Amino acid sequence: MTFRSKVFLIFLITVLASVSLVAYGVTFYTQRAFEQMDTQRTHALEVQFQKEFAQRGETIVQQVENITNADVTVRMVLDLARPNADASLYLHDANGAAQSHGLDFVEFVNSDGTLVSSAQYPARVGYKNDWVTTTKNWDATGAFLKREELPDTAALSLTAVRTQTVGNKTIYIIGGRRLDQNFLASLELPEGMRALLYKNLEPTFVAAALTDANGSVQQAEPFQSLIEQIQKQPQDVIKTISWNHDSASAETFHAMPLKGRNGELLGVLLLGSSAKELVLLKREILKIAAVVSLAALFIGLLLSWWVSRRITRPVEELANGARDVASGRWDTRIDVKGSDEIGQLANAFNEMTGTLAAQKEKLVQTERVAAWRELARRLAHELRNPLFPLQITVENLQRARQLGPQQFQEVFTEATATLKAEFANLNSIVTRFSDFSKMPAPEFSKVNVNEALRDAIRLFEPQFTAVGKPHIGTEYFLSDSLPEIDADSDLLHKAFQNLVLNAMDAMPAGGTLSLRSSDTGDNVRIEVSDTGKGLTPEECSRLFTPYYTTKQLGTGLGLAIVQSVVSDHHGTISVSSEEGHGTTFRIELPKRQGGAALKSKADAKAAEKESERAATATD
Amino acid sequence: MRFTKSRWLAATSAAVFALAGFAAQAATPRYGGTLHVKLRASSVSLDPREWMTGSLSSAAGEKLASLVYDRLVTLDDHAKFQPGLATEWSHDATARNWQFKLRSGVRFSDGSLLNPSDAVVSLQIALGKGFEVVAIENGVAIRAAHPAPDLLEQLASGRNFVFRPLPDGTLLGTGPFFVAESIVAAPSEVNPAAIKPARIKFQANEGAWSGRPFVDFVEVALGEPPLRQLLDLQVGKADITEIAPDLVRKGRQEGLRIWNSAPRTLVALRFDDALDAPASDQLREALWLALDRDTMANVLLQREAQPADSLLPQWLSGYAFLFESAMNLQRARELRAAFPAGVPGATQPLRLRVDASGDLFKLMGERVAVNARQANLLVQVALPGSVSNSSAAATGLHLFAWHYDSLSSRTELEAFVKQLLEGGDLPANTTDPEQLCAQERRLLDERRILPLVLLPEYAGIRANVHNWNASPWGDWRLADVWLDSEDPMTTKAPAGPQKNTSTARSPGARP
Amino acid sequence: MQSLGKTCGKVSSKNLLFPWALILIAVLAVICCVSSPVAADGDAALRETAQRLAERVAAIPGLHGALRLEWHPDAAWPGGESEPWIRVIRDEFERRALNLTGDASAPALDVFAAETPTHLVLTARIRVSDHDEIRIVSIPRASLPPGASPAAPIRLERQMIYESPDLILDAASLENNGEGSLVLLLYKNFELVALRVDAKGVVKQSVSLNAANLKPSRDPRAEILPRGNMVLVELPGKACEFSWESPVVLKCRAEKPAWRAETQLTSPCDGSDWKLFSSSSEPNAKDVLQVVPDGALRESSAAVLSEFPGPILNTNGEQDPSSALVIAQNLRTGNYEVYKITLACGN
């Protein structure tokens, strides 16, 4: 991944992360705020309910007290106090009292608990209402919830009891109003909230007993588990009910048990708060966040691209410059303005390349001098070898003049033979040097590398198995699918021959010569391995230096030629060796040369001119 | 001043005289005016052939029918049968063959003469099977399949009127009134949501053989709600109204003049014949023992009813007091505890269908349910008109009202069995009270009918109405009633001869 | 309706009416009521009925030993009507060797007489071993001799206890009326006044109720209800209250009046309930107060009557359940009078 991509991604991720974080934060805090508000609203509604309940209870108490203190009631007490009083006279009084005082339920109960009159259940007249006689101080008791038995059903009633006493005769006046949807309708509910009332008058859940301000609730079944939970343990419970797959349909219900006088569970008030608002708000926030994210992404992309480009462009130029330098153009300069770190880096780079260029010149000069010195030394060494025998031979000839003609003839024949041989040797040395200096620029064509290797081996095969010479075995590990490469066939042959020669020289006692070729994608790899005594690391480092040789006899140009050929082919050569185990030369050549072919030709011409100049210089 | 015996008796005698005078007339009767009567029934049939024995609607019909039709005989308040359309009667020793001599010169309201065939046609239908009515010279002969010593009681009550059917379906009568106008119930012009009740206007029959009635018209409004009737009486919009038993106290508190008859309506429970539970006997017995009739009569009905222990009331049979039943809740619970599975009233409620409409019967039904619950019996009340009430198949029990319309115990008991106890054994044709008592006991012991209370009829009478002389068994005798002068509610009446007699009107007297 | 289950006890001969009274009443009955000639064999019918009953009873299997005849007449029968029946039944039973005794320990042979619209039904009931034996006979009432004079078994006593030229709307006894205190509500010159009067008729305290703002009326109506020291006055559309101790303070409140229901009396003879009825419809005529048994079928025959000197304006109960207060106007003097009426036993 490029630096620009990294910067781009980092910037983008930063932008996205920021937006996401903001969106998440907004959503989270909005939800929290919403929940807090919902809790407050629910609490306010609870308080309102309690207040309304209490107020209604007070109203009922007042109404019952009015009935209690009415003269008809007093008259009733007086009358019923008489012996053999006829209680049936008052059978319908409760109904009248209920209608005139706006109560749903009114009953008059005698001091012994016998029901005298009932507005809601006159058929029960004459039966005992023991629960009312067991409490002594009704007049100080407020309204309470009660289960009211009716002829065909039961109802929930907010009830108050008062007494009217004349002498030792007491009448209990019970009055109440239904707690039903009308009570719920009297509650002021904020938007999104509703109140339900479950009348717990049966031991099991009854769907029809759940009402809201409009009557029976249509879908009551989801409340069953909640109600049953409260029936088991009467305490506040909160539950969320989803009405369909849409989360906006969910409602959170806060259920409060409503208890009677003796703590029995008579009803459950459910305050429901719709999650719709919150869910829609969250969706809205997320939608906005998505839009913002997309916009941020887009802007981020642009910005990232621009920023990364601004940041990475100098770096790229630096990188390109470095590449140029690596490719040999040591005079590369980078045009980066600015005084920031990148600018400083660019200036440093330019200084470096300037220095490198200067150093390179010096190095080239030095190397050239060194190479000439080495060449001169080598030449001197090479030339000395045949010159000494020449000198001796000439001296022998001089001395042989003193000898007789026959002896002189023998000496003269030997001497001339030796002179010829040494003159041939000299010629060979000069030829090799001349060849090295006159290595032509490569001319690329399609070359089969495997064939070239086989050709190189074929040339030396007779020597591998010559009698009296150490046996050298050959192994071929050549890739059959190796494609043809752009190469100079002659130069390549020459290089391979030199490598083979080198390997033969490294196995004076015989051994095995291995040849490998393989396709490495853009390149082909050629490996020439021997099983000689191997090289030391120092030898490895100087191996390709011209005229460096480990052989006593040798110009040391073979591997230099190989390196030159490889270089001309824009390849690389390396050596790996282990003392006692052999050496492997590895060449990697590109399959295609392209424009480089032209460049190599120019380089080859330049190299040719250089060598001519060098040759002229030594002359 | 100390009262001596003689003075006391004299005073008493005077009081009796005064009372008799009071009962007969407080002043000189006045002719004219319109008597406004309000009845609870929303519709009424003046055709005795359409009346269903024992139904409350037939009671209203009978009241009004006696305005337009006559019977062969009537029963006075002193247990004496008085001549009606028949002037003389006799029977043989077996009391199976009766002869009645018809009053001569009697005309229907259209002027046509009454003849024996009219009596034959109407009475044959009324008496039904078991009697053969034939015309004889100047009268009719009635042959009974079985001895009928109570034939006169039958003829003096119920649907045993004499009328002549006309081709158009209407009936002609010889009574003191005839139907002048009949208006069906219709939406009110003022308030279309309200219904103006049906009205029947009876006009005085100038040529009535029993004497022209005192009032010129009797206007009867039907279908008035009970409370409205009471109010109308108070404000003078009605002269005579029926009063529901649960409003009697209120009426008396308002100072109204209220008359009551002997108990003429029995409110009872009847077990469904389809109820064939394995332990239905136990169920019936348990329910019977759980019912608190005394409270129903004395508390719920504010002593305007009597607890009923028998099928026939004491005033009709004379032996009803023998059927004393006591509530026994303990025993009822024991029976209930021994119910096998599947008996209605145990785990599944027994449905009580209230067959009579009105708050009173609803209250009775609810009280039955409450009583039953005390014995751990589940009873569910289904009111008239409710969906549950229409499903007879699910019903186990009915609360019904039976109206006694005959003066004959035997006829009444027979009607009971025919109407209410399908498949029950008809009582043997006897008028012997001991046998009737035994039969009644057998019927009661089956516990298929559980009597609850007996209700009298109540009527409110405005102060301007004089000579109210209704019989204890509910015959209003409106022809004997006359109205005060200058009542704005009365309409101008055709001038009639002024009467100046100190005696009560009697049948046969000509104005 | 009176239950026939009640035991009436033995009929005492002391309750027989004087023979001449019977004749007088019979004559009156003939004049007043239309009736067919009395059957000449009415007594025979009576005897024949008793005979039939006696025969049926005598035929009850297992009936041994002495029996105590218990007679239960119809609730509407006056005492005199029973006498001939008891005599004849006893006679016929004894003729059939049924041993009748007055011994309280002897098993009771209950004989019930009940009237239906047409018949008299006699029912005999006796416990034999573990069950009741019932025998019933009936006879058309028309064939029986006419009944005795409907002399009331109880009488009505009355005493005027207060008189005023001013309209008296209501009267009530005060508690502690051992002293005979009375509280009255007078309408005097279109003003309402409450009076507390002692046993001698002396006004002890007079309280003006003008503060009630009662509108002048031609037909004023008010009722008074003493309640210890407090007095409640029921007026049309309101109810007011004051105390004798601080009568100036009158507290009124709007309320639908709960007028008094009918006045009832309790008979000191048998504890039965009796109701007071008056026509109250003729302002210029004397009213007859009817005291009738509660639930009586035939009011006319059981009523106790008392004629007042003018229209009866109001009635009220008393502490004594057998007494009541009646307010009437005396047409002769024009004064308004308060009477105390009391049911007493006997003639």
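From a predicted model like this one, the values you see are computed outputs, not experimental measurements. Each chain gets a letter, A, B and so on, in the order its sequence line appears, and its residues count up from 1. No hydrogens, no waters, no symmetry mates; every other heavy atom, side chains included, goes into these values.
Side-chain atoms of C:Ser164 come within 3.5 Å of backbone atoms of C:Asp166 as a donor-acceptor pair (strictly under, hydrogens ignored).
Residues in residues 236-258 of chain C take part in these ring-ring contact (aromatic ring centres under 6.0 Å, His included) pairs, two or more places apart or across chains: C:Phe242-C:Trp244.
Residues passing the ring pair (Phe, Tyr, Trp, His ring centres under 6.0 Å) test with C:Tyr162, sequence neighbours excluded: none. Residues passing the side chain to side chain contact (heavy atoms under 4.5 Å, CB included) test with A:Ala195, sequence neighbours excluded: A:Leu184, A:Leu187, A:Leu189, A:Leu271.
Under the 3.5 Å distance criterion, with hydrogens and angles disregarded, a donor-acceptor pair is assigned to the side chains of C:Arg158 and C:Ser306.
Taking the centre of each ring, C:Tyr336 and C:Tyr187 stay at or above the 6.0 Å mark.
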What donor-acceptor contacts under 3.5 Å connect chain C and chain A, backbone and side chains included?
residue: C:Glu234; atom: OE1; partner: A:Arg75; partner atom: NH2; Å: 2.4
residue: C:Arg253; atom: NH2; partner: A:Asp71; partner atom: OD1; Å: 2.6
residue: C:Arg253; atom: NH2; partner: A:Asp71; partner atom: OD2; Å: 2.8

